[in-house]
Amino acid sequence: MPTIKLPDGKSLSFSRKITGFEIAKKISKSLSKQALIMSVDNQLKDLDHLIENDCSIKIFTSKDSEGLETIRHDTAHILAMAVQELFPGTQVTIGPVIENGFYYDFARKESFTQEDLNKIEIKMKEIVDRNEPTFKEVWKRNKAISHFKDKGEIYKAKIIEDIPESEDVSIYFHGKWNDLCRGPHLSSTGKIGKYFKLTKVSGAYWRGDSNNEMLQRIYGTSWSNQKDLDDYLKRIEEAEKRDHRKLGKEMDLFHFREDSPGSVFWHEKGWNLFQKLINYMRAKQKRAGYKEINTPEILDKSLWEKSGHWEKFGEHMYTSTTPDEKVFAIKPMNCPGCVQVFNQGLKSYRDLPLRMSEFGKVHRYEPSGSLHGLLRVRAFTQDDAHIFCTEDQITNECLSITNLILEIYKDLGFTNVLLQFSDRPKKRVGDDKIWDRAESALLKAIKQSKLKYEINKGEGAFYGPKIDFVLRDSIERDWQCGTLQVDLNLPGRLGASFVDKDGSKKIPVMLHRALFGSLERFIGILIEHYSGKLPFWINPLQAMVIPVSDEFDSYAKQVNEKVKNVGINCEVDLKNHNLNYKIREHSLSKIPLLLICGKKEVDSNTVTIRRLDSNKQENMELKIFLKKFAALNKAPLN
RNA sequence: GCCCCUAUAGUUAAAUGGCAUAACACAUCCAUGGUAAGGAUGAGUUUCAAGUUCGAUUCUUGAUGGGGGCACCA
């Protein structure tokens, strides 16, 4: 005689055991049609799960994330089903739901081709049409193991072997096909709908371990209706359109080439953007009390041994051997060099906190498969700084670093920032008491900043806890950029010290911090965030003067000179093309201002402005234009 | 590093076991124009190495780069 509590507070009583279906039907006809799964006392269950006792239940449809996830999970199952129907002998492994879709990993000798994907998709739709009933059976663990072994499903058997011996396992059937699965699932394959698409096939290591063999992973996306599927595919397309590698080429900012994979060849415009960002940060840092230094790119191997880098990161370091057989390493980080600058001369507690910044170019031998445009390179410029301070100063310093980082992100158009706090990892150096103090100082700073944060347990660096700054771009993607790390290790290793009030020598705490992280990477993010339409003040080519015909070339040249003289990057287009052509060309290359000069402008000493993404014309006296835009060209230093 | 895909002109693409195409960009000329492509002409190309072949840009193998993932991201 179960009494069922519903989310709206009402209860229903039944005189016998009852399934979710029946409850849904009782509530309303439309709900019973839309119902996909349910939760019983907050545990997700199949709709045909038999309820015997009093409980509270909630029924989910495709509008709930639980419902949509189940659709995706079911789609992954019918993917596996379709693959095994089409390619007998293929072994199944795991097939979880991921953001926007799902994947399934298969073990098969031959590789899946794009045509195979199309065939599989057709077969999946067939399975939906067959509307095979889905049901669950609970088996003894050992029965399941021998069942899958008999079928030749070695991977599945291994997965079950990892389940504790005392536990039973649930096996889901879609018609005859079955798979080990926790569930829940929809009541039949027809419920899935056909709003899915297989997107790509790739390799993936068994159990995510690169020591294991490689499986084949098929990715797909799945939705509850055609519109959501179309919207998703459109979003992917949109992201491709703003790919910084494509835009960088089109905008003539940089290129890559075989001679130096993972290193950027910056063109004039790209380098201009780069310098503008650096100059802006210089000004911000000067106000925040930083002193800028610069240290060598190449340092003797022995320093890297002393710092611990050689042992820990040696495989990612480039080295250089001189003709007389000395081994130098090209710096993968700036910190050891910076500590050497600190070590010059005696430091007093009065010098602390000492904030030293460095735009240091570092080289790291990244695995070839990880390289990706500007976002993952082998040579990059860090907007680095190291702050030497006492333990008492950690909280305040962290707070001002956090503020600096957020100001800079805001100026560049990023307001949605998430902090991630990482505490002590298993492999670490230093006393636990020191870790306690460092973690609490850092956490205190986060709490005082009142920003949203999450905790990544055990993800800290081996030398200290850290905060990472993750920013969200205009199409809702997250990028980890800034970082702030407390270092309890390096200053001691490299012999840094200061003279304290009582005259004794003490080891300072060192904070590592980067604002963007890597200038290269950040520029890649900026390009994608703005779809190439960079804000005026950092835009490398801000204006193009276009004469209406060559009769007005000399006026156009004069305008160009005057605009350049107020510090705006400007060019004049004297090419043999008509006005329409030039407007199209320069609009496509995303120049923010087009300055049109014809008879009207010459006569009145004006320019006509056409802004990017607007077909309005704005006539303005040249003098006023220069004043107005010179002001807009200033970096936003508050 | 691993799996799959891929490499043609400055760019984007097409084609072929036997003279390699187109569009855009570029150059020259004509046109002198008022807010997203005016016209004509011209120059320019098969990533590298080995193999099969009378002959390879095309087929095979390898290298290198690029792309999508996996792993890595100190």
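Only this structure's heavy atoms are used, side chains among them; waters, hydrogens and symmetry mates stay out. All chains are named by letter (A, B, ...) in the order of the sequence lines, taking the proteins before the strands, and each is independently numbered beginning at 1.
- Residues satisfying the salt bridge (Lys or Arg N to Asp or Glu O under 4.0 Å) criterion with A/E358, sequence neighbours excluded, are A/K331.
- Ranking B/C30, B/A74, B/C72 by closeness to the A/N576 side chain, first place goes to B/C30.
- A/K466 and A/D423 are not joined by a salt bridge, as no carboxylate oxygen comes within less than 4.0 angstrom of a charged side-chain nitrogen.
- With hydrogens and angles ignored, no donor-acceptor pair under 3.5 angstrom links the side chain of A/Y103 to the base of B/G69.
- With sequence neighbours excluded, no residue satisfies ring pair (Phe, Tyr, Trp, His ring centres under 6.0 Å) with A/H372.
- Residues satisfying the salt bridge (Lys or Arg N to Asp or Glu O under 4.0 Å) test with A/K123, not counting sequence neighbours, are A/E85, A/E126.
- In terms of polar N and O atoms assigned as donor or acceptor, the side chain of A/R376 comes within less than 3.5 Å of the base of B/C73 in a complementary pairing.
- The base of B/A36 sits within donor-acceptor range of the side chain of A/R610, with an N or O pair under 3.5 Å.
- Ring geometry, A/F256 versus A/F254: the interplanar angle exceeds 60°, so the pair is classed perpendicular (tilted spans 30 to 60°).
- Nearest nucleotide to the side chain of A/V548, out of B/A74, B/C4, B/G34: B/G34.
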Once base and sugar-phosphate atoms are separated, protein heavy atoms under 4.0 Å mark nucleotides 58-68 of chain B, 5' to 3', with B, S and - as ------SSSSB
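- For the OP1/OP2 pair of B/U12 and a distance below 4.0 Å, the side-chain nitrogens and oxygens of A/K249 include at least one atom meeting the criterion.
- With pairs defined as Watson-Crick or G-U wobble and both atom distances under 3.5 Å, the stems of at least three pairs that touch RNA chain B come out as B:1-7 with B:64-70, B:10-13 with B:21-24, B:26-30 with B:38-42, B:47-51 with B:59-63.
- Remark: A/R378 pairs with no residue by the salt bridge (Lys or Arg N to Asp or Glu O under 4.0 Å) rule, at least two apart or across chains.
- Under the 6.0 Å distance and 45° angle rule, A/K533 does not count as a cation-pi partner of A/Y530.
- With hydrogens and angles ignored, the 3.5 Å screen pairs a side-chain donor or acceptor of A/R493 with a backbone N or O of A/K306.
- Judged by distance alone with a 3.5 Å cut-off, no donor-acceptor contact links the side chain of A/N615 to the base of B/U35.
- In this structure, CZ of A/F552 is placed 14 Å from P of B/U35, rounded to the nearest angstrom.
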Would you give me the side-chain donor-acceptor pairs under 3.5 Å for residues 619-626 of chain A, sequence neighbours excluded?
{"unit_1": "A/N619", "atom_1": "ND2", "unit_2": "A/T606", "atom_2": "OG1", "d": "3.3"}
{"unit_1": "A/N619", "atom_1": "ND2", "unit_2": "A/V607", "atom_2": "O", "d": "3.4"}
{"unit_1": "A/N619", "atom_1": "ND2", "unit_2": "A/T608", "atom_2": "OG1", "d": "2.9"}

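- Using cut-offs of 30° and 60° for the angle between ring planes, the A/F469 and A/Y409 rings count as perpendicular.
- Nearest-nucleotide positions on RNA chain B for A/H363 and A/I596 put A/I596 closer to the 5' end.
- Residues passing the side chain to side chain donor-acceptor pair (under 3.5 Å) test with A/H244 are A/E528, sequence neighbours excluded.
- Taking for each of A/A204 and A/R364 the nucleotide of RNA chain B with the nearest heavy atom, the 5'-most of the two is the partner of A/A204.
- Classification of A/D105 and A/R217 as a salt-bridged pair holds, one side-chain N sitting under 4.0 Å from a carboxylate O.
- For the segment residues 578-591 of chain A, the set of residues with a heavy atom within less than 4.0 Å of an atom of RNA chain B comprises A/N578, A/L579, A/N580, A/Y581, A/I583, A/R584, A/S587, A/L588, in numerical order.
- For A/F522, the ring pair (Phe, Tyr, Trp, His ring centres under 6.0 Å) partners are A/F414, A/F516, not counting sequence neighbours.
- Atom NZ in A/K575 sits roughly 17 Å away from atom P in B/A37 (whole-Å rounding).
- Qualifying salt bridge (Lys or Arg N to Asp or Glu O under 4.0 Å) partners for A/R611, counting only residues two or more places apart in sequence or in other chains: A/E618.
- At a non-hydrogen distance threshold of 4.0 Å, A/F313, A/H316 from residues 295-319 of chain A come into contact with RNA chain B.
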